[in-house]
Amino acid sequence: MDTKKNTRKWLWPTTAGVLAIAVVMLSLALNYAYQAERNARFVGMMNIVAEKLSKTVRGVEMNAENVFDEVAKHMESPQAVIEALSSKTSLNPDVIGYFAAFVPGYFPQEGQWFQPYVHQGDSTEFVMTLVGSARHDYTKSTWYVQAQKEKESFWSEPYYYADDLNVVSGYYMTFATPIFDAQGRLVCVCGADITQEWMIQQLRKIECELLQNEMLNQYNMPGNRDFFIVVLNDDGTSFAHRDGDIITMNDEAFVSNLKQHKHGYADIEVNGVPSRVYYTPLKRTHWSVAIVVTE
């Protein structure tokens, strides 16, 4: 019997099988390494974005609190309130305006509504506009109603403001604080506004910084640049996107995680495109920041 010939008959298939297994294992290992590197990169990005936005938002809050404290100290007259609102507006150019919305009839000489709004006008100067009226009954605004329930400072849901007064129309977010008298009765709701456009500008700036970050981009692997940043409401809809686009994420488990202020990543469809979404809540708000990576 030719044993060498028989040996060759089974040796070649065995060798080929071993090589195939080795190739598969190498492919799996490379894929695992790629996924691990990509996850680490985008989780790092997500944390940087969240930290930058949270720091900026906190800056808005701190300046607003200084303004609101001035209002609380000077409520003896409508003019004193307006002067208090105007006193510190220049400290934070990110805020488009500050207001104090008083309970109806608080200043009888001002009638039913008194809501002075000190805001950016056509130039860099701040101007004052009285925005309360029968047509603009601020007591029905979501931030006013929420302030009556919250009893403490909060960020409102994004809302659209349109008026023919000297106020910029568009989507706003308001940092609101209710002010109470010595008997615990609501006196007014103070607010500081930032706009959707301002938030979009922040995302563009941060995204540019991320793309230039050497540590985050040291491994130039495929797909590493195919991402965008978005700020989400807790229902999965976007409030801010670098191009102003509307992004919707309808996955039930994902939306549930947003509502519970969780963080992580999810493989879902974003506007019909399979994507991996890395997300984390923004401190002191009910929004989340997400990095969407096209698969």
Side-chain angles (χ1 to χ4, degrees), residues 54-121 124-134 136-159 161 163 165-168 172-195 198 282-287:
S54 293
K55 184 177 180 181
T56 302
V57 167
R58 183 54 186 153
V60 170
E61 294 175 352
M62 292 176 66
N63 180 240
E65 288 164 355
N66 289 332
V67 175
F68 302 162
D69 286 344
E70 287 297 308
V71 171
K73 295 174 185 175
H74 299 87
M75 292 195 294
E76 65 273 13
S77 70
Q79 187 57 39
V81 170
I82 293 172
E83 291 175 359
L85 279 175
S86 305
S87 63
K88 298 180 182 294
T89 53
S90 61
L91 295 181
N92 194 329
D94 295 329
V95 177
I96 195 171
Y98 301 87
F99 64 78
F102 282 79
V103 296
Y106 185 82
F107 293 112
Q109 66 271 38
E110 296 295 332
Q112 181 78 350
W113 297 277
F114 181 63
Q115 184 190 3
Y117 187 42
V118 178
H119 59 99
Q120 296 179 26
T124 56
E125 297 295 324
F126 279 77
V127 297
M128 195 283 292
T129 303
L130 292 175
V131 296
S133 67
H136 176 56
D137 184 355
Y138 53 79
T139 63
K140 297 179 181 178
S141 298
T142 56
W143 48 262
Y144 191 94
V145 174
Q146 188 174 350
Q148 294 174 302
K149 299 176 181 178
E150 295 281 350
K151 309 294 184 182
E152 59 185 16
S153 300
F154 62 92
W155 279 95
S156 73
E157 293 283 351
Y159 60 93
Y161 179 84
D163 210 325
L165 298 172
N166 185 28
V167 179
V168 177
Y172 284 69
M173 292 182 295
T174 297
F175 176 66
T177 297
I179 295 179
F180 302 91
D181 63 15
Q183 287 72 43
R185 296 171 299 193
L186 180 68
V187 173
C188 74
V189 178
C190 289
D193 290 335
I194 59 176
T195 64
W198 173 83
L282 281 176
K283 296 176 182 177
R284 296 169 60 87
T285 75
H286 45 258
W287 316 314

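Small disclaimer: the values here were computed from a predicted structure and weren't measured.
One distance of note links CD of Gln109 with OG of Ser77; it measures 8.0 Å at 0.5 Å rounding. Between the OG1 atom of Thr139 and the CD atom of Gln112 there is a distance of 8.0 Å, given to the nearest 0.5 Å. Between Glu152 atom CD and Thr177 atom OG1 the span is 9.5 Å, to the nearest 0.5 Å. In this structure, CZ in Phe126 is found 9.5 Å from NE2 in His119, a value given to the nearest 0.5 Å. Atom CZ of Phe154 sits about 9.0 Å away from atom NE2 of His286, to the nearest 0.5 Å. Rounding to the nearest 0.5 angstrom, the gap separating the CD1 atom in Ile82 from the CG atom in Leu130 is 5.5 Å.
No side-chain N or O of Tyr172 forms a donor-acceptor pair with one of Ser156 less than 3.5 Å apart.
Annotation for Gln148 and Leu186: closest pair CG-CD2, 3.7 Å, computed over non-hydrogen atoms. When all heavy atoms of Pro104 and Tyr144 are compared, the pair lying nearest together is CD-OH, 4.1 Å. When all heavy atoms of Pro116 and Leu85 are compared, the closest pair comes out as O-CD1, 3.5 Å. Across Pro178 and Ser153, no two heavy atoms sit closer than the pair CD-N, 4.2 Å. Closest approach of Val67 to Ala84, counting heavy atoms only: CG1-O, 4.3 Å. Tyr98 and Ala64 get closest at one heavy-atom pair: CE2-CA, 4.0 Å.
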Run the side chain to side chain contact (heavy atoms under 4.5 Å, CB included) check on Arg284 and Arg58 step by step: do they pass?
CA-CA 8 Å; Arg284 296 169 60 87; Arg58 183 54 186 153; 3.1 Å; yes
Can you list the steps and then say if Ile96 with Tyr117 is a side chain to side chain contact (heavy atoms under 4.5 Å, CB included)?
CA-CA 10 Å; Ile96 195 171; Tyr117 187 42; 3.8 Å; yes
Please lay out, stage by stage, how Phe99 and Trp143 fare under the test ring pair (Phe, Tyr, Trp, His ring centres under 6.0 Å).
CA-CA 12 Å; Phe99 64 78; Trp143 48 262; 4.6 Å; yes
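The side-chain heavy atoms of Met75 and Ile179, taken from C-beta on, include a pair separated by under 4.5 Å.
Results of the ring-ring contact (aromatic ring centres under 6.0 Å, His included) test with Phe114 over Phe102, Tyr106, Tyr138 single out Phe102 as the only residue that passes.
The main-chain N or O of Thr129 is never found under 3.5 Å from a side-chain atom of Gln115 such that the two would form a donor-acceptor pair.
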